[in-house]
Amino acid sequence: MKEYILKKERIFHFLSLALIAGSLFLDDAIQKMVILVSGILGLLILSALKKQKILVIIYLVLFFAAGIFYYLISEGKLHF
């Protein structure tokens, strides 16, 4: 499975980026976060399979930042 994903890496990379870009056009906060986190997880898995430690750290930070940002919006502490 790992070899197949690495062989088709560009397709998975494009789909993950498309998920992230698509999350910008959604209005519901829960749907937006699910799609955004799915895209970030896709990029995180790809970089972990390729053993790119710097990108893994960056995507983990983005993943947790998205969770914190969602928490702040859902609690009403941030308004957009």
* Asked: Is K32 reaching over with its side chain to a backbone N or O of L26, donor-acceptor style, under 3.5 angstrom?
  -> yes

Working to the nearest 0.5 Å, report the span between [atom1] of [X] and [atom2] of [Y].
| X | Y | atom1 | atom2 | result |
| --- | --- | --- | --- | --- |
| E9 | Y4 | CD | OH | 13.5 Å |
| Q52 | K50 | CD | NZ | 4.5 Å |
| F12 | S16 | CZ | OG | 8.5 Å |
| L46 | K8 | CG | NZ | 14.0 Å |
| S23 | Q31 | OG | CD | 11.5 Å |
| L60 | L55 | CG | CG | 11.0 Å |

With the side chain counted from C-beta on, respond yes when [X] and [Y] share a heavy-atom pair under 4.5 Å apart, and no when they do not.
| X | Y | value |
| --- | --- | --- |
| L36 | L19 | no |
| L43 | I40 | no |
| V37 | F63 | yes |

Answer yes if [X] and [Y] sit in the same cluster of Ile, Leu, Val, Met, Phe, Trp and Tyr residues linked by side chain heavy atoms under 4.5 Å apart, and no otherwise.
| X | Y | result |
| --- | --- | --- |
| F69 | L44 | no |
| V61 | Y59 | no |
| I54 | V56 | yes |
| L72 | I30 | no |
| L62 | L41 | yes |

* Crowded around L24 CG? As in, over 12 foreign heavy atoms under 6.0 Å? -> yes

